[in-house]
Amino acid sequence: MELRHLRYFRAVAEELHFGRAAQRLHIAQPPLSQQIRQLEDELGVPLLVRSTRRVELTAAGEDYLRQVEAILDSVDAAARRAQRIADGRQGNLAIGCVGSATYSLLPRFVRALRDELPDVDVSVRGEMLAPEQIGALASGDIDLALLRMPVETHGLIVESIRKDRLIVALPADHPLADTPEEQFVELAALRGEDFIAHVGGGRSVLSGVLAAAAERAGFVPRIRHEVEETSTLVTLVAAGLGVAIVPEPTSALGVAGVVYRPLAAPIAHVDLVAAYAAARRTPLVDRAVAVLRSLS
């Protein structure tokens with residue numbers, strides 16, 4: 001038994017006329033009659049009652065038609081799904097995101113994906129440090145990463161999304177909090193401050209940026225607290241435990257007790273990029289990146 005036998009039977013059962021069914025199927029009537037006979041012989045039961053004037057379904061034929069319709073509908077749905085997956089319009093997409101972009105770009109990105117690709121099931125892992133995202137891309141745990149440069153990009157395709165200005169997060173009662181909002185703060189002015197930073201040891205791009213910039217400014221930052229999540233970092237600043245260097249989108253958190261001031265060059269910006277594994281590139285990832293590109 002083949003799918004064509006089921007399609008032939010459905011056409012005859014719906015038309016109750018071999019001539020019309022043959023015309024609908026674009027085949028000759030004698031081969032159609034022969035195929036239906038073969039189907040009945042294989043099943044061992046008559047599905048149709050034939051006469052010179054009419055064709056009718058037997059009781060077994062009526063029940064078989066219901067099962068055949070369900071089978072063919074399922075086969076057609078599976079074919080449509082496979083075609084949409086191959087075209088990048090359906091499937092599963094797991095996204096990883098650094099903390100600062102989690103609060104700003106990510107919500108817009110997910111909404112845009114829902115609008116542009118409504119049949120894609122999107123899952124999100126926010127507050128991921130860059131090395132963690134790289135490992136998740138390699139293992140296939142995520143399909144697309146939003147992370148900060150510089151990172152090791154071997155085996156990855158990387159596309160720049162935007163540059164984010166670096167700002168200083170200050171407790172609301174800090175002396176520098178009284179300066180005008182657009183007044184740049186020199187990193188050297190923070191020489192004697194306690195810093196709250198993302199975990200070091202190569203796990204955070206921003207911790208490396210801070211260390212390198214402070215060295216150029218002639219001091220070693222006094223790191224009092226290291227955290228993995230940006231939300232925790234900002235909360236500790238609000239508690240007055242120190243200052244922090246963060247990308248500007250972090251201010252979208254809106255934590256009370258924190259004010260932000262722009263940071264002067266030479267570390268005025270950091271890059272946000274989209275990255276995905278070259279070996280795991282799919283049409284869906286390409287479509288998602290195109291959506292992301294439209295938001296920048």
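All of these numbers come straight from a predicted model, not from anything done at the bench. One is the number of the first residue; the rest follow in order along the sequence.
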Below 4.0 angstrom, N of the basic side chain to O of the carboxylate: do [X] and [Y] qualify?
X    : Y    : answer
D63  : R66  : yes
D119 : R89  : no
D143 : R281 : no
E40  : R50  : yes
E193 : R191 : no
R10  : E69  : no
E182 : R261 : no

Would a distance-only check, ignoring hydrogens and angles, find a side-chain to backbone donor-acceptor pair under 3.5 Å from [X] to [Y]?
X    : Y    : answer
R148 : V98  : no
R287 : E116 : no
H174 : P171 : no

Report the distance from atom [atom1] of [X] to atom [atom2] of [Y], rounding to the nearest 0.5 Å.
X    : Y    : atom1 : atom2 : value
L113 : L292 : CG    : CG    : 8.0 Å
L284 : L93  : CG    : CG    : 5.0 Å
F195 : L233 : CZ    : CG    : 11.5 Å
Q23  : L25  : CD    : CG    : 10.5 Å

Within a 6.0 Å radius of atom [atom1] on [X], are there more than 12 heavy atoms belonging to other residues, nucleotides or ligands?
X    : atom1 : answer
R4   : CZ    : yes
R162 : CZ    : yes
E56  : CD    : yes

Checklist entry - Just by distance, with hydrogens left out, do T232 and H225 show a side-chain donor and acceptor under 3.5 Å apart? => result no

